[in-house]
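Below is one structure; the comments refer to it alone.
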Amino acid sequence: MSVKECTHHKNKKGKLLRKLFAGFLILSFLVLLTFLITWAILQPKKPRFTLQDATIYSFNVSAPILLSSNFQVTVSSHNPNSRIGIYYDTLNAFATYRNQQITYFTGIQPVYQGHKDTNIWSPFIFGTNVPVAPYNGQSLSEDQSDGGINIVVKMNGRVRWRVGRFISGRYHIHVTCPAYIPFGDKKSSVIPGIVVGTGIKYTLTQRCSVNV
C-alpha cells in the first residue's frame, strides 16, 4: 500500500472520530438542557425540618470543665415537592452550645423521601466527659442554675434529588434547630415537662433553618 493510500485512510478515520465526538457532545448537551429546563419548571424546594421535642436523661457539668449529656430529640422532615424525591445518603445529628460541639455525632439511616412525604427521626444525642471551653463551662453551669439553656441541635449530611428517573449528584445539607432546654421544676417551668421513664420530655415544635 502506498503512502498516499495510508494517509487517506488516516484522514477518514480521523473524520469519523471527530463526528462521533461531536455527536456525543451534542447528545450530552441536549440531556443537560432537558434536565435544566425540567428543573426550572418544577422549581425544587428545600425540605422543611421541625424539632418537635426533646427528652432529657442527663446533663451534668463537672470539673475540670467536662460535660456529660444524654437526650433524645424528635425531628420531622417534610418534602414539599410534588414531583421531586430526596435521597438522604448521610445525616448526622449533634448538639452545640455557643458554637461549640458538645455531643458526639449520631448517624441516621439512609432513606428515600418521596413526593410530599414526611419522615420522623428520634436519635439519641449524647456525650461523655466532653471537654468544653472554660468560658462555655462557666456559662453552662450558670444557665443550668438559672433554669434552662439554649442549645442548637444540628443535622449535617448529603442529599440527592430525584426527578423521574434522573438522580442528581450529592449536595451538602445543613439543618439548624435552636432549642431551649428547661431544668429544675418540670411543672413550674416555662415549658412544662412530662416524665418519661428516667427522663423528662419537653415539647418544642421549633422550625429549623435548612441550607442545601
Side-chain angles (χ1 to χ4, degrees), residues 46-80 88 90-111 113 116-157 173-211:
K46 296 181 293 186
R48 298 170 185 164
F49 280 73
T50 302
L51 177 60
Q52 296 184 348
D53 58 59
T55 303
I56 312 302
Y57 293 97
S58 65
F59 200 97
N60 300 305
V61 181
S62 59
I65 316 174
L66 299 174
L67 172 64
S68 294
S69 61
N70 182 18
F71 51 98
Q72 184 180 23
V73 296
T74 302
V75 181
S76 65
S77 170
H78 176 68
N79 178 6
Y88 293 93
T90 59
L91 206 58
N92 294 304
F94 61 100
T96 65
Y97 175 78
R98 296 194 175 186
N99 298 318
Q100 181 177 7
Q101 185 172 338
I102 58 174
T103 67
Y104 309 136
F105 291 108
T106 298
I108 294 175
Q109 288 292 329
V111 67
Q113 189 174 60
K116 297 288 185 179
D117 278 356
T118 298
N119 289 76
I120 298 177
W121 299 293
S122 297
F124 280 90
I125 302 176
F126 63 94
T128 303
N129 293 330
V130 177
V132 295
Y135 55 88
N136 277 345
Q138 182 178 353
S139 297
L140 274 170
S141 297
E142 292 174 355
D143 290 347
Q144 197 169 4
S145 298
D146 291 339
I149 63 169
N150 288 295
I151 66 171
V152 178
V153 176
K154 294 187 175 183
M155 301 177 77
N156 294 339
I173 184 170
H174 303 280
V175 182
T176 303
C177 308
Y180 176 77
I181 306 298
F183 287 95
D185 190 343
K186 60 182 179 298
K187 293 183 179 179
S188 62
S189 172
V190 176
I191 306 175
I194 301 173
V195 176
V196 179
T198 59
I200 302 176
K201 182 177 181 179
Y202 298 97
T203 301
L204 304 173
T205 317
Q206 175 68 48
R207 286 291 297 272
C208 310
S209 64
V210 181
N211 292 312

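The figures here come from the full heavy-atom set of this structure, side chains too, leaving out hydrogens, waters and symmetry mates. Values in this document were obtained by computation on a predicted structure and should not be read as measured data.
- When the shell of 6.0 Å around CG of Asn99 is examined, it contains 12 or fewer heavy atoms from other residues, nucleotides or ligands.
- Proximity of the aromatic rings of Tyr104 and Phe94 is defined here by a centroid distance below 6.0 angstrom, and this criterion is not met.
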Could you walk me through whether Ile108 and Asn92 pass side-chain contact (heavy atoms from CB on, under 4.5 Å), step by step?
-> CA-CA 6 Å; Ile108 294 175; Asn92 294 304; over 6 Å; no

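- A donor-acceptor pair under 3.5 Å is formed between the side chain of Thr106 and the backbone N or O of Phe124.
- Remark: side-chain polar atoms of Thr128 are not paired, donor with acceptor, to backbone N or O of Ser68 under 3.5 angstrom.
- Using a 3.5 Å distance cut-off with no hydrogens or angles, the side chains of Gln113 and Asn119 do pair a donor with an acceptor.
- Atom CZ of Phe59 has more than 12 heavy atoms from other residues, nucleotides or ligands within 6.0 Å.
- Between Tyr57 and Phe71, the distance separating the two ring centers is not shorter than 6.0 angstrom.
- Of the N and O atoms on the side chains of Asn150 and Tyr97, not one donor lies less than 3.5 Å from an acceptor on the other residue.
- One distance of note links CD of Glu142 with CD1 of Ile149; it measures 13.0 Å at 0.5 Å rounding.
- Two residues are said to be in side-chain contact when any heavy atoms from C-beta on lie closer than 4.5 Å; Pro47 and Asn79 fail this criterion.
- Taken from OG1 in Thr50 to NE2 in His78, the straight-line distance is 10.0 Å, to the nearest 0.5 Å.
- By the 4.5 Å heavy-atom criterion applied to side chains, Leu91 and Trp121 are counted as neighbours.
- Annotation: side chain of Ile151 is in contact with side chain of Ile181 (closest heavy-atom distance under 4.5 Å).
- Closest approach of Ile102 and Val130 over heavy atoms only: O-CG2, 3.8 Å.
- Taking OG1 of Thr198 as the start and CD1 of Ile56 as the end, the distance is 11.5 Å to the nearest 0.5 Å.
- Of the candidates Cys208, Pro178, Cys177, Cys177 is the only one forming a side chain to side chain contact (heavy atoms under 4.5 Å, CB included) with Val153.
- When all heavy atoms of Gln101 and Thr96 are compared, the pair lying nearest together is CA-CG2, 3.9 Å.
- In summary, the side chains of Thr74 and Asp53 do present a donor paired with an acceptor at a separation below 3.5 Å, with no hydrogens or angles considered.
- Side-chain atoms of His174 and Asn211 include no donor-acceptor pair closer than 3.5 Å.
- In this structure a side-chain-to-backbone donor-acceptor pair under 3.5 Å is missing from Lys201 to Val196.
- Looking only at distances, a side-chain donor or acceptor of Thr103 sits under 3.5 Å from a matching main-chain atom of Ala95.
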Pair Gln52-Ser76, side chain to side chain donor-acceptor pair (under 3.5 Å): steps then yes or no = CA-CA 7 Å; Gln52 296 184 348; Ser76 65; 3.3 Å; yes

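- Ala54 and Leu204 make their closest contact through CB-CD1, 3.9 Å (heavy atoms, listed as atom of the first residue, atom of the second, distance).
- Remark: the Gln72 side chain and the Ser122 side chain contain no N/O donor-acceptor pair separated by less than 3.5 Å.
- To the nearest 0.5 Å, atom CD of residue Gln100 and atom CG of residue Leu67 are 9.0 Å apart.
- Of the N and O atoms on the side chains of Ser77 and Arg48, not one donor lies less than 3.5 Å from an acceptor on the other residue.
- Rounding to the nearest 0.5 Å places OH of Tyr202 at 10.0 Å from OG1 of Thr55.
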Should Ser58 and Asn60 be marked as a side-chain contact (heavy atoms from CB on, under 4.5 Å) after you check the CA-CA gap, both sets of side-chain angles, and the distance that decides it?
-> CA-CA 6 Å; Ser58 65; Asn60 300 305; 4.2 Å; yes

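- The structure places NZ of Lys154 at 14.5 Å from CZ of Phe49, a figure rounded to the nearest 0.5 Å.
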